[in-house]
Amino acid sequence: MTHPLKLSEKAFQHQVEHLAHVFGWHRFHARPAQTQSGRWLTAQTGNVGFPDLVLAHQQHGVIYAELKSQIGRVSPGQRIWLNILEAAGAEAYVWRPSDFDAIKTRLQGKKP
């Protein structure tokens with residue numbers, strides 16, 4: 001079994017999405033697709049770096065979450081999006097496997 005702090009970003013995302021589902025959140029994630037040339041691309045229009053996951057709950061609000069492995073780096077575009085969302089009053093996070101207990105608490109409906 002993989003140690004929780006050594007989870008890949010993809011495995012961590014599956015855990016967060018499952019937890020969100022359990023607690024009744026609607027989820028959105030734009031999945032990348034592999035092209036015929038072997039490159040991975042996410043079809044999008046607009047500024048790069050939009051957060052990985054948008055969660056919405058009718059009683060608990062809307063969350064924008066950038067998910068990273070324990071050692072993953074936030075890109076400049078991702079940081080700009082998170083800063084703009086926070087400045088606009090949105091709840092925006094960078095979540096890592098070490099944040100799992102706090103994520104669970106938040107998805108249960110408790111704000112930090």
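Under the side-chain hydrogen bond (donor to acceptor under 3.5 Å, both in side chains) criterion, His26 pairs with no residue at all, not counting sequence neighbours. Residues satisfying the side chain to side chain contact (heavy atoms under 4.5 Å, CB included) test with Ala11, not counting sequence neighbours, are Leu7, Ser8. Residues satisfying the side-chain hydrogen bond (donor to acceptor under 3.5 Å, both in side chains) criterion with Ser75, sequence neighbours excluded, are Gln78.
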For residues 83-92, which side-chain donor-acceptor pairs fall under 3.5 Å, sequence neighbours excluded?
residue, atom, partner, partner atom, Å
Asn83, ND2, Arg79, O, 3.4
Glu91, OE1, Arg106, NH2, 3.0
Glu91, OE2, Tyr93, OH, 2.5
Glu91, OE2, Arg106, NE, 2.5

Where do Trp95 and Phe100 land on the side chain to side chain contact (heavy atoms under 4.5 Å, CB included) test, with the steps shown first?
-> CA-CA 8 Å; Trp95 280 343; Phe100 195 78; over 6 Å; no

Given His29 and Glu17, is the side-chain hydrogen bond (donor to acceptor under 3.5 Å, both in side chains) satisfied, shown in steps?
-> CA-CA 9 Å; His29 169 71; Glu17 287 194 69; 5.4 Å; no

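Side chains of Val16 and Leu53 form a contact here, defined as non-hydrogen atoms less than 4.5 Å apart. Contact annotation: the side chain of Val54 approaches that of Val62 to within less than 4.5 Å [non-hydrogen atoms, C-beta and beyond]. Within the 4.5 Å cutoff, side-chain heavy atoms of Gln70 are placed close to those of Ser98. Taking 4.5 Å as the limit, some side-chain heavy atom of Lys104 sits within range of a side-chain heavy atom of Gln108. Contact of the Leu107 side chain with the Ile63 side chain is registered, since non-hydrogen atoms from C-beta on lie closer than 4.5 Å.
For the pair Trp81 (side chain) and Pro76 (backbone), a donor-acceptor distance under 3.5 Å is absent. At least one donor-acceptor pair closer than 3.5 Å links the side chain of Arg27 to the backbone N or O of Trp25.
Of all the heavy atoms in Ala65 and Pro51, the pair that sits closest is O-CB, 3.7 Å.
Separation of atoms CD (Glu9) and CD1 (Ile71) is listed at 11.5 Å; rounding is to 0.5 Å.
Counting only residues at least two apart or in different chains, side chain to side chain donor-acceptor pair (under 3.5 Å) contacts with residues 48-65 are absent. Listed by first then second residue, pairs satisfying salt bridge (charged side-chain N to carboxylate O under 4.0 Å, His left out) with a partner in residues 56-77 read Glu66-Lys68, not counting sequence neighbours.
Cluster membership check: Phe23 shares its hydrophobic cluster with Ile103, using side-chain heavy-atom separations under 4.5 Å among Ile, Leu, Val, Met, Phe, Trp and Tyr.
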